[in-house]
Amino acid sequence: MNVLVVGRGGREHALCYKFHQDTSVSKVYCAPGNAGIAAHAECVDIQETDQGELVTFAKENNIALTVIGPEQPLAEGLTDLFLAEGLKVFGPTKKASAIEGSKAFAKELMKKYSIPTADYETFTSFQKASDYIKSKGAPIVIKADGLAAGKGVVVAMTENEALEAAEDMLEHNRFGDSSGKIVVEDFLDGEEFSFMCLVNGGSIIPLALAQDHKRAYDNDKGPNTGGMGAYSPVAHLPAETEEKAMNEIIEPVVQAMMKEGTPFTGVLYAGLILTEGGPKVIEFNARFGDPETQVVLHRMKSDLALLLLNLLRGVTAQAEWSDHTVIGVVLASEGYPGSYEKEHSVQTILDAETFFYHAGTKVHGSDIVSDGGRVLLAAGSGEGIESARDEVYRALDSVHTDHFFYRKDIGSKALKRS
Ligand code: AMP
Ligand code: GLY
């Protein structure tokens with residue numbers, strides 16, 4: 001079959017690399033793709049938001065399955081259009097993707113169906129938000145309601161910090177329309193992990209657990225980012241964690257979405273935190289996580305395209321995994337998640353002896369140059385977290401990474417516990 005992936009980041013590179021290996025797939029296309037994706041897929045020059053052109057391309061190229069990577073085209077209804085045109089697509093409809101696109105929608109759904117998450121209130125008025133923050137005290141968490149590329153969350157350790165964040169979002173439009181409404185929620189303490197599931201209506205295929213590293217700098221310091229590194233599996237979590245998360249969170253949400261008349265098809269990504277009271281939801285995403293997908297799919301032994309196509313046809317199989325641990329370290333442009341320069345060569349970095357997923361690169365003459373905040377993800381694998389870490393950091397230590405930075409402590413929490 002021919003497969004089309006929509007997007008241009010590391011997650012889409014991982015999807016294309018996987019589909020390229022799947023025996024059921026004859027040809028992989030990616031719109032628009034990047035310099036790394038071009039090694040495993042044919043990149044086509046169509047933007048993620050060019051709905052009409054994507055549909056025409058899928059029809060003309062006999063695409064049996066389209067997978068939409070990023071949140072924006074999902075929120076804009078790309079899935080709805082593909083479905084209306086009779087095309088097979090793996091991704092939620094515009095309505096269902098509100099589970100990611102509106103934090104208020106997700107929180108209300110969880111409250112209604114008693115799905116464990118932090119207590120919260122939503123506000124559009126700074127005065128009311130401010131009264132609430134003062135009554136609750138710190139630590140407390142302020143979130144922009146809409147999409148903000150993983151950056152619209154402030155975990156405030158002091159009341160002042162919380163008030164500033166709320167003022168910034170509500171009074172100064174920090175994230176434009178996305179922060180016209182905010183969610184203020186209780187701070188949850190515990191270990192975070194990501195649980196992605198392939199979902200179609202009531203059918204669920206769980207993917208292996210992963211752990212992301214959201215803060216920009218070592219020891220979880222600095223601002224929140226889209227994600228600076230990940231690994232899978234998360235072997236030190238108690239054995240019953242996944243089952244609990246499935247029974248208390250994933251299953252009930254999937255059922256709730258059906259009851260609400262917005263059945264979910266696509267990747268339901270639960271960002272969870274293991275509190276003393278069990279796993280609780282920090283956020284839902286309506287798509288594959290980035291960088292979690294790179295490390296999770298790197299371990300997948302099953303034919304992903306077949307798994308997805310069968311799931312869309314109502315046949316649910318379980319995914320199979322390699323026992324190896326895979327770790328991914330993101331190289332980001334200096335300055336990210338703030339402003340940064342583009343067009344620095346990554347060619348010598350790519351000489352390092354490890355596999356690279358490209359997140360933001362492009363071809364420039366005979367060179368490959370940076371083209372985004374997150375630029376590359378170096379992937380290492382080994383029998384355990386220690387050997388996987390050794391592999392990836394040995395490779396990165398062997399090259400010059402001027403203009404870029406990466407965290408040196410990806411997976412170190414797991415190391416301490418293993
Ligand atoms: P989000 O974009 O909602 O995933 O939030 C980004 C990051 O902020 C999360 O990965 C957590 O590290 C942190 N965070 C979000 N909500 C909470 C919470 N209620 N308690 C503690 N930390 C949180
Ligand atoms: N790594 C977190 C996300 O994809 O939202």
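Both ligands and their constituent atoms are indexed starting at 1 by order of listing.
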For ligand 1, is Lys103 a contact, meaning one of its heavy atoms is under 4.0 Å away?
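A heavy atom of Lys103 does come that close to ligand 1.
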
If the contact criterion is a heavy-atom separation under 4.0 Å, does Ile273 count as touching ligand 1?
no

Report, in ascending order of atom number, the atoms of ligand 1 lying under 4.0 Å from any heavy atom of [X].
X	answer
Phe187	20 (N), 21 (C)
Lys143	3 (O), 15 (C), 16 (N)
Lys214	4 (O), 10 (O)
Glu185	16 (N), 17 (C), 18 (C), 19 (N)

Under a 4.0 Å threshold between the charged nitrogen and the carboxylate oxygen, would [Y] count as salt-bridged to [X]?
X	Y	answer
Lys107	Asp145	no
Glu191	Lys413	no
Asp119	Lys136	no

How are the rings of [X] and [Y] set relative to one another: parallel (under 30°), tilted (30 to 60°) or perpendicular (over 60°)?
X	Y	answer
His403	His344	parallel
Tyr29	Phe57	perpendicular
His298	Tyr357	perpendicular

Only heavy atoms of [X], strictly under 4.0 Å: list the atoms of ligand 2 that pass.
X	value
Gly226	1 (N), 2 (C)
Pro291	1 (N)
Asp212	1 (N), 2 (C)
Asn285	3 (C), 5 (O)
Lys214	2 (C)
Gly289	4 (O)

Heavy-atom contact check, 4.0 Å cutoff: does Gly227 meet ligand 2?
no

Looking at ligand 2, does Ala230 have a heavy atom less than 4.0 Å from it?
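Judged by the 4.0 Å heavy-atom criterion, Ala230 does not count as contacting ligand 2.
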
Candidate with minimal heavy-atom separation from atom 5 (O) of ligand 2, of Glu292, Arg287, Arg11:
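The option holding the nearest heavy atom is Arg287.
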
From Val141, Thr117, Asp119, Val183 - option closest to atom 18 (C) of ligand 1 by heavy atom
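Minimum heavy-atom distance to atom 18 (C) of ligand 1 goes to Val141.
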
Do the side chain of Ser345 and the main chain of Val369 share a donor and acceptor less than 3.5 angstrom apart?
no

Counting only N and O atoms by type, is there a donor-acceptor contact under 3.5 Å from the side chain of Thr79 to the main-chain atoms of Pro92?
yes

Tyr269 contact mode with ligand 2 (heavy-atom cut-off under 4.0 Å):
side chain

Hydrogens and angles aside, do Asp290 and Gln294 bring a side-chain donor and acceptor to less than 3.5 Å of each other?
yes

Measure from NZ or CZ of Lys408 to the centre of the six-membered ring of Tyr406, then state whether that distance is under 6.0 Å and the direction lies within 45° of the axis.
yes

Taking all non-hydrogen atoms of both residues, which atom of Glu161 and which atom of Val155 are closest, and how far apart?
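Residues Glu161 and Val155, closest heavy atoms: OE2-O, 3.7 Å.
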
Heavy-atom contacts under 4.0 Å between Leu188 and ligand 1: side chain, backbone, both, or neither?
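For Leu188, backbone and side-chain atoms both sit under 4.0 Å from ligand 1.
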
